[in-house]
Visitor: 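The structure is given below, and queries will be raised subsequently.
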Protein chains: 4
Amino acid sequence: MNTEKMPRRERERLRHRALILDAAIELFSEKGYQNVSVQEIARRAEFSVGALYSFFESKERLYESLVLSVAEEHHARLLAALRREGEASAVLRGYVAERGRLFTDNIKLVRLYFSETRALGSPMQSAVCEKVHELYHELVLEAASVIERGVREGAFREGDPYHMAVALEGIINAFLFCWLQEPERQPYEANVPVILDIFLRGAAAR
Amino acid sequence: MNTEKMPRRERERLRHRALILDAAIELFSEKGYQNVSVQEIARRAEFSVGALYSFFESKERLYESLVLSVAEEHHARLLAALRREGEASAVLRGYVAERGRLFTDNIKLVRLYFSETRALGSPMQSAVCEKVHELYHELVLEAASVIERGVREGAFREGDPYHMAVALEGIINAFLFCWLQEPERQPYEANVPVILDIFLRGAAAR
Amino acid sequence: MNTEKMPRRERERLRHRALILDAAIELFSEKGYQNVSVQEIARRAEFSVGALYSFFESKERLYESLVLSVAEEHHARLLAALRREGEASAVLRGYVAERGRLFTDNIKLVRLYFSETRALGSPMQSAVCEKVHELYHELVLEAASVIERGVREGAFREGDPYHMAVALEGIINAFLFCWLQEPERQPYEANVPVILDIFLRGAAAR
Amino acid sequence: MNTEKMPRRERERLRHRALILDAAIELFSEKGYQNVSVQEIARRAEFSVGALYSFFESKERLYESLVLSVAEEHHARLLAALRREGEASAVLRGYVAERGRLFTDNIKLVRLYFSETRALGSPMQSAVCEKVHELYHELVLEAASVIERGVREGAFREGDPYHMAVALEGIINAFLFCWLQEPERQPYEANVPVILDIFLRGAAAR
DNA sequence: TATGAATGAGGTTTCATTCAT
DNA sequence: CATGAATGAAACCTCATTCAT
């Protein structure tokens, strides 16, 4: 967003809003949505509760804004990775690595995202929920189109590129989840070639 | 557990406990842990709050019992699927199908399981959390040993069977997740061959 | 009470009642009336809640029975001490010592007695409260009559014997209270002569 | 505490805190700690439960604050009485009278203090309990030092002043307790000379 | 009569939200 | 606008008492 042209007052407000979101991200990802009180967020952000409510009409909406902003940032970075130029498999390698980077740099956040987004009784309005799913879907579609290109270029075998993309997504998640259980065993990056190898060559003897 | 030899009083109590667990499963999976009150569970189970507390020492422990019992049942069925006799790839096919059956038969439950288990500030004691992870890990190991056998039998190519198992797990989850978004598009079973195909042959052109 | 002539059934019942009272005494004096549940008493006495309610119509009445029985026992022993034969001052010495013995042998019980008896919102019906006060009053009167005899015998100076008795009571209690704070400093008995000395000679220079 | 220099907001809060303490004192001393609910206190103070909890972190702590503030006020007044100038016996007379005044002006409060402070399972943290005992002890020591001075001035006979002080304390309490039983019989003040007479001259014939 | 499972009112405490200052 | 004190509904849990067996 272009903030340069705004009057000072408005710029200040945006900055304050961001500070509150930052505090909220920290707290939510440390303790989970339900275990953080509005008072706590306000205190951490060094604002009054009233101020907080002048930016967000409810705790729920604050949470949604937060999820949305994080989702959009991640989405942008992952989309960029998928739109890089180069051989399809190289692009996918980059994507797999970027997924890892985002994940490992923001474990807590990502956990929050995973758990609360898919949770039942999640405090998100369905509009936001859908928006998040839409972003996710868009990403899978983009990956599919990379794969499709790979097929056209003869690098990948025939097959439904969307299915392939879904599978890739799953493999990445599974390895990320593994890493999450024992982060100290080895850095996630070590898995990047493994993931690609399995994804590309499959399990069967040729 | 053998309930036949028990005195009637005790049998009744077990039945009542189960009734409460049933009500809790329904409610939790409809609305999520935090959005269900103890009163509500009691009402749905047609017991008093006090009765509920005579079976479970807290809402948290009730939830844990519930998760554990579901996890153990699922685990048993999946383990059985993996221990069936036959060619490695046929066993895996059976496993993929069974995963689907469990998932689609208990969507809400599974959603609950997914969301709350991994959630931060999850209300589960780490003991239960660990137990669940242990069961999961055991399953992956069992799948890995099936794959290992496949390698020995010349059906699968060389490679770390554990990694393969993790990848398979991921692919299954990804397709299940897809199905969850649009259950009406096609039955999950239609995906079983797709999953196996991708898992076995990979994406690369030969 | 004479229990010998009773039918076996009734004797048994009395024994059970006593067992429950014993358990209740222990628990109440360990944790205070409000912090002991009926379930707990029943468990400690190895009876069912129902059985307990067949003996006492409520927790409150159970408590009253207990207080009454203890009060009566103490009263009997103290009265006996005051009715012993001998010089008035020797009798009082015996009484002071007996008070100490009862107190130090049943500290917890006595604490309970002290605190809950005089407490506001005490769970005792006024009838029982009055009964306890009556017993106390009787004791003071008895002490007063000993003192009166002492006056007649020329051992004590003229003055209202009732007031004297009240004062003696107060001095005893004060020293008991002191002892309660630091029981290990010295045995209560060491104070018996001190109490009598102060009571008899007063503080003023002659 | 100097409240004059404070910002208005803070002054208001202190006032509100005091209002709640007042309501709590009334209720506790009418019905006893356990028989008063937080809701009730809030209602009587014309605040919400939440407001109450913004001042005191729990019912228990509220109770402690209350006990402490009353204990300190009483302590201050009694200490002042003991530190007045004049003959030792006159000072003690003043003290005995002041004890009576405090007691009879706050019967309910004092009852509360007596009963709950010494009670088992009393809801007071040991820190507060100790503080109260400390104040009490300090008072006895102060009385002892007055008596000691009396001894030096030749007004009181030789003897352990601390024991004398304890005894005086006991006599006062006993007469207060008597008065409590039948307040209407005679005003407590009538007992002041009696108490001093017994305390100073003792019971024995000279 | 004895049992102990079941009841449910009532207790303490939290926290999203409002609003006078 | 910002503040933060105040609100009060609703949560979890306890326990004296009842009653079917």
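All values below come from the heavy atoms of this structure, side chains included, with hydrogens, waters and symmetry mates left out. In what follows, chains carry the letters A, B, and so on, assigned in the order in which the sequence lines appear, proteins first and then strands, with residues in each chain numbered from 1.
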Visitor: Between E:dG11 atom P and D:I41 atom CD1, what is the distance in whole Å?
Guide: 11 Å

Visitor: Quick check for you: among F:dT14, E:dT1, E:dA6, whose closest atom lies nearest to any side-chain atom of B:A51?
Guide: E:dA6

Visitor: Atom NZ of C:K31 and atom P of F:dC15: how far apart are they, to the nearest Å?
Guide: 9 Å

Visitor: May I ask you to say what B:E12 touches in the nucleic acid, namely base, sugar-phosphate or nothing, with a heavy-atom cut-off under 4.0 Å?
Guide: nothing

Visitor: Can you tell me the distance, in whole Å, between the CZ atom of D:F56 and the P atom of E:dT14?
Guide: 15 Å

Visitor: When you compare the side chain of B:F55 with that of B:L21, does any pair of heavy atoms fall below 4.5 Å?
Guide: no

Visitor: Quick check on DNA chain E: between D:E40 and D:E57, whose nearest nucleotide comes earlier from the 5' end?
Guide: D:E40

Visitor: Measure from the side chain of A:Q39, starting at C-beta and using heavy atoms only, and say which of E:dT3, F:dA11, E:dA16 lies closest.
Guide: E:dA16

Visitor: More than 12 heavy atoms of other residues, nucleotides or ligands under 6.0 Å from CD of B:E40: is that the case?
Guide: yes

Visitor: Output the rounded distance in Å from CZ (A:R43) to C1' (E:dC15).
Guide: 12 Å

Visitor: In this structure, how many angstroms lie between the C1' atom of E:dC15 and the OH atom of A:Y33, rounded?
Guide: 12 Å

Visitor: Does E:dA6 have OP1 or OP2 sitting under 4.0 Å from an N or O in the side chain of B:H16?
Guide: yes

Visitor: Would you say that C:I41 contacts C:L62 through its side chain, given a criterion of any heavy-atom pair below 4.5 Å between the two side chains?
Guide: yes

Visitor: Of the candidate nucleotides E:dG4, F:dT14, E:dT12, which contains the atom at the shortest distance from the side chain of B:V49?
Guide: F:dT14

Visitor: So what does D:R9 hit on the nucleic acid, given a heavy-atom distance under 4.0 Å: a base, only sugar-phosphate, or nothing?
Guide: base

Visitor: OP1 or OP2 of E:dA2 less than 4.0 angstrom from a side-chain nitrogen or oxygen of C:S54, does that happen here?
Guide: yes

Visitor: Side chain of C:F47: nearest nucleotide among E:dT3, E:dT13, F:dG8?
Guide: E:dT3

Visitor: Where the side chain of B:V38 is defined as all heavy atoms beyond and including C-beta, which of E:dT12, E:dT17, F:dC12 is the nearest nucleotide?
Guide: F:dC12

Visitor: Inspect the contact between A:R15 and A:E12 and indicate whether a charged nitrogen and a carboxylate oxygen are less than 4.0 angstrom apart.
Guide: yes

Visitor: How is C:F55 classified with respect to the nucleic acid when contacts are heavy atoms under 4.0 Å: base, sugar-phosphate, or nothing?
Guide: nothing

Visitor: When you get a sec, tell me which of F:dT14, E:dG11, E:dA5 is the closest nucleotide to the side chain of B:Y53?
Guide: F:dT14

Visitor: Both B:K59 and D:E46 contact DNA chain F. Which one's nearest nucleotide lies toward the 5' end?
Guide: D:E46

Visitor: What is the distance, rounded to the nearest whole Å, between atom CG of D:L27 and atom C1' of E:dG11?
Guide: 16 Å

Visitor: What nucleic acid atoms does A:R13 come within less than 4.0 Å of, heavy atoms only: base, sugar-phosphate, or nothing?
Guide: sugar-phosphate

Visitor: Between D:L52 (CG) and E:dT12 (P), how many Å, whole number?
Guide: 10 Å

Visitor: Do C:Q34 and D:N35 have side-chain heavy atoms sitting under 4.5 Å apart?
Guide: yes

Visitor: If E:dT12 has a Watson-Crick or G-U wobble mate with both distances under 3.5 Å, name it; if not, just say none.
Guide: F:dA11

Visitor: Which nucleotide, if any, forms a Watson-Crick or G-U wobble pair with F:dA20, using both distances under 3.5 Å?
Guide: E:dT3

Visitor: Please indicate whether B:E72 has more than 12 foreign heavy atoms, meaning atoms of other residues, nucleotides or ligands, lying under 6.0 Å from its CD.
Guide: yes

Visitor: Under 4.0 Å between a side-chain N or O of C:S48 and OP1 or OP2 of E:dG4?
Guide: no

Visitor: Rounded to whole Å, how long is the line connecting atom CD of C:E60 with atom P of F:dA16?
Guide: 12 Å

Visitor: Is the phosphate of E:dC15 approached by A:S37 (side-chain N or O, under 4.0 Å from OP1 or OP2)?
Guide: no

